[in-house]
Amino acid sequence: MMDGFGPSLAFWVLAAITLVAAGGVMVSRNLLHAVLFLILTFVGVAGFFVLLSADFIAMAQVIIYVGAIAVLVLFAVLLTPRSSRDNSETRWAAPGILLAVCLAAIFLFVVHDTAWRTVDAAPANLSAASLGRALLSTWVVPFEIASVLLTAALVGAIMLTRSPEEEAEDALA
Amino acid sequence: MTPFLTSDRWYDIRDLGNLSSAILEALDKVLPFEVVYILAAVIGFVASFLLFVLPSQLFVGVYGERRLIGRMQSRLGPNRVGPFGLLQPIADAIKLIQKEALTPTQADRAVMYVAPILFVMPAVLLWAVIPFGEHMVIADIPVSLMYFLAVSSLPVIATFMAGWSANNKYSLFGAMRIVSMVISYESPLVLTLLGAVVLTGTISLSGMVAWADEFNIWVVFVQPLALVIYFICVSAELNRTPVDIAEAESEIVAGYLTEYSGMKWGLFYGMDIGYALAASGFITTVFLGGWTFFGLEAWIPGWLIFIAKTYLIYFLFIWTRGTLPRLRADQLMAFAWKFLLPLGVFNLLIVSTERMLWFEQDYAKGLVYVFAAVNIALSAVLVYVWARFNGYRPERTPTRPRLVKQAGGYIPVGERS
């Protein structure tokens, strides 16, 4: 899959975009710029999925992460009073860097120690139909548990955001 | 090598596309592959631009929309520049390019500069998966419906960037409104599309057209409610006038466009039309059977049928824009969550049941028509019953002005008596 000039070029361009954007998330002082860089990172990762011929996962990545989660994050940032403050100079810088170095060491160790398998063609069961079949047969229990969890989160959010006045009104009615 | 024309009659215009393929195949014998590849891309781009994008955008989009809205509002619309005012869009474009694009001193310059560019890109990308004819689709990927959904969720971020970066109160209001609108309207939109997907059993747009061709019925007849909900949701996402609260002139100056001028504003304006056209093409493909017309495609080129249907849906967009008054932000939110979302869930329930019944009957062809009749009746009943359940009453010509409270409007919690 990764031979030929086109896919290689696409891989390096996507890698550059994703890494630069991920770096931008960390170093940008403006919180909203960080969110926009995060969106660019998501799009870059979706590009990698396309390169790995996982079309469905790429589209799901864009719909869920860019279309829903990033928009929600933007909304949350807008509602945060001190959203435009500098967030690069805090007293947590030193522990943060330490943690990042430890994580990077672990990841590098894992990447280095895994025996990576290369395949010539994409696996056949990556299509949307087979993914759906797997989700509703083999993995049906985790799938349903996840949906119950999401419903509970939804109900909980509604309960948390109701104001006391509305509660009182409903109690009277 | 395919023959130049499949039928030897010169007036048969079905195979117009073969002209370019004949030229390219002849060139392929003398030139290296890469040159022909690039040449094919250039020919395709120029042809689609000259035959579809330019006439759609300028003459159907800008001119047709302004002329039709003029008719609906009992005025003439543009009629000075060129014959019938047809050159008005070109004059507007020249004017916009000449104007200075101002940037406020306190604005976030980089984000404000990038936002219009990011807004244009998805509008072009959307056309990649829409089939114009039997094999006339740029990228026939198996998940093209999801591709369309994914790409059409990108312009929201561009409009948000535009509204936030201008550092203007009204721009920020517009940006917040558009984000909250999209969060609300995305869920019923996806639910209704899920209805069409469950019915046809595919998420490929060409597969949906093939389904309509095979069973000789359009998805809209089996899923009328889905089309209505999708149309409302997509107008809300596109900021078309009955629901364009993100740039409501009477409330927040021009919303996220307040600080934009010149061609930067022009890109937003032009691409609004581009998105509406792309959405019309998408509705045509999913709900109206794309380039098929019950066998008529054997006589007329399929892309002509597709473009005709697209313009018909686009006329519906213009019609709603010209005749309906703008709604308030809270009315729109309540409508999405209390009305459209439950109806979408009901619709999905009905279509899933039908799909199961159909599966047990081995996809008998006649059963689809029964489903169509049942669904049209059920949709009307559902809309009426759910509206009454929610307390909406059919209202004919309100004769006297009423207070917000009497009209059933929203009153902030603190101000209720």
Side-chain angles (χ1 to χ4, degrees), chain A residues 5-6 24 28-33 35-40 42-43 46-47 49-50 53-79 83-84 122 126-132 154 158 162-170 172, chain B residues 34 37 108 110-111 114-115 118 121-122 125 129 139-161 163-165 167 172-173 175-184 186-187 189-190 193 197-198 201-204 207 237 337 412-416:
Chain A
F5 177 67
S28 64
R29 295 177 172 217
N30 192 321
L31 207 52
L32 261 154
H33 288 177
V35 177
L36 295 176
F37 275 124
L38 188 67
I39 294 170
L40 193 58
F42 289 150
V43 173
F49 283 130
V50 172
S53 35
D55 293 351
F56 183 83
I57 300 176
M59 298 311 149
Q61 163 93 9
V62 175
I63 291 177
I64 295 169
Y65 281 92
V66 180
I69 291 183
V71 170
L72 269 178
V73 171
L74 283 177
F75 208 53
V77 169
L78 267 189
L79 295 175
S83 62
S84 60
L126 266 179
S127 74
S130 53
L131 273 178
L154 209 69
I158 293 169
R162 276 161 63 89
S163 61
E165 285 100 336
E166 280 172 321
E167 296 261 0
E169 265 187 19
D170 278 8
L172 286 176
Chain B
E34 288 82 6
Y37 188 76
D108 193 326
V111 178
V114 169
L118 281 184
M121 283 198 296
L125 286 174
V129 293
D140 196 5
I141 51 176
V143 289
S144 42
L145 190 133
M146 285 190 71
Y147 171 89
F148 193 94
L149 278 178
V151 174
S152 60
S153 68
L154 298 179
V156 180
I157 290 160
T159 44
F160 176 83
M161 284 162 73
W164 175 78
S165 64
N167 209 353
L172 195 58
F173 281 155
M176 284 198 70
R177 281 182 173 196
I178 196 161
V179 171
S180 52
M181 281 274 281
V182 165
I183 291 175
S184 311
E186 193 85 54
S187 23
L189 186 146
V190 174
L193 281 182
V197 168
V198 166
T202 173
I203 50 171
S204 144
E237 292 222 327
W337 290 109
V413 174
E415 294 168 24
R416 289 179 195 173

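Residue numbering restarts at 1 for every chain, and letters A, B, ... go by the order of the sequence lines.
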Mind checking whether B:L145 and B:V129 have side chains closer than 4.5 Å, heavy atoms only? no
Honestly, the part of B:Y147 sitting under 4.5 Å from a heavy atom of chain A is both
For the interface with chain A, which of B:I141, B:T202, B:V179 has the highest count of heavy-atom pairs at distances below 4.5 Å? B:V179
Counting only non-hydrogen atoms closer than 4.5 Å, does A:A58 touch chain B with its backbone (N, CA, C, O), its side chain (CB onward), both, or neither? neither
Heavy-atom distance under 4.5 Å to chain B: side chain of A:I64, backbone, both or neither? neither
Are A:V71 and B:E186 side-chain neighbours, meaning at least one heavy-atom pair lies under 4.5 Å? no
Under 4.5 Å heavy-atom distance to chain A, tell me which part of B:S180 shows up: side chain, backbone, both or neither. both
Which word best sums up how the rings of A:Y65 and A:F42 line up, parallel for under 30°, tilted for 30 to 60°, or perpendicular for over 60°? tilted
Got B:P142 and A:F56 here, is their nearest side-chain heavy-atom distance under 4.5 Å? no
Do B:M146 and A:I63 have side chains that approach each other closer than 4.5 Å (heavy atoms only, starting at C-beta)? yes
Taking side chain as everything from C-beta outward and backbone as N, CA, C, O, which of these in B:I203 sits under 4.5 Å from a heavy atom of chain A? Side chain, backbone, both or neither. side chain
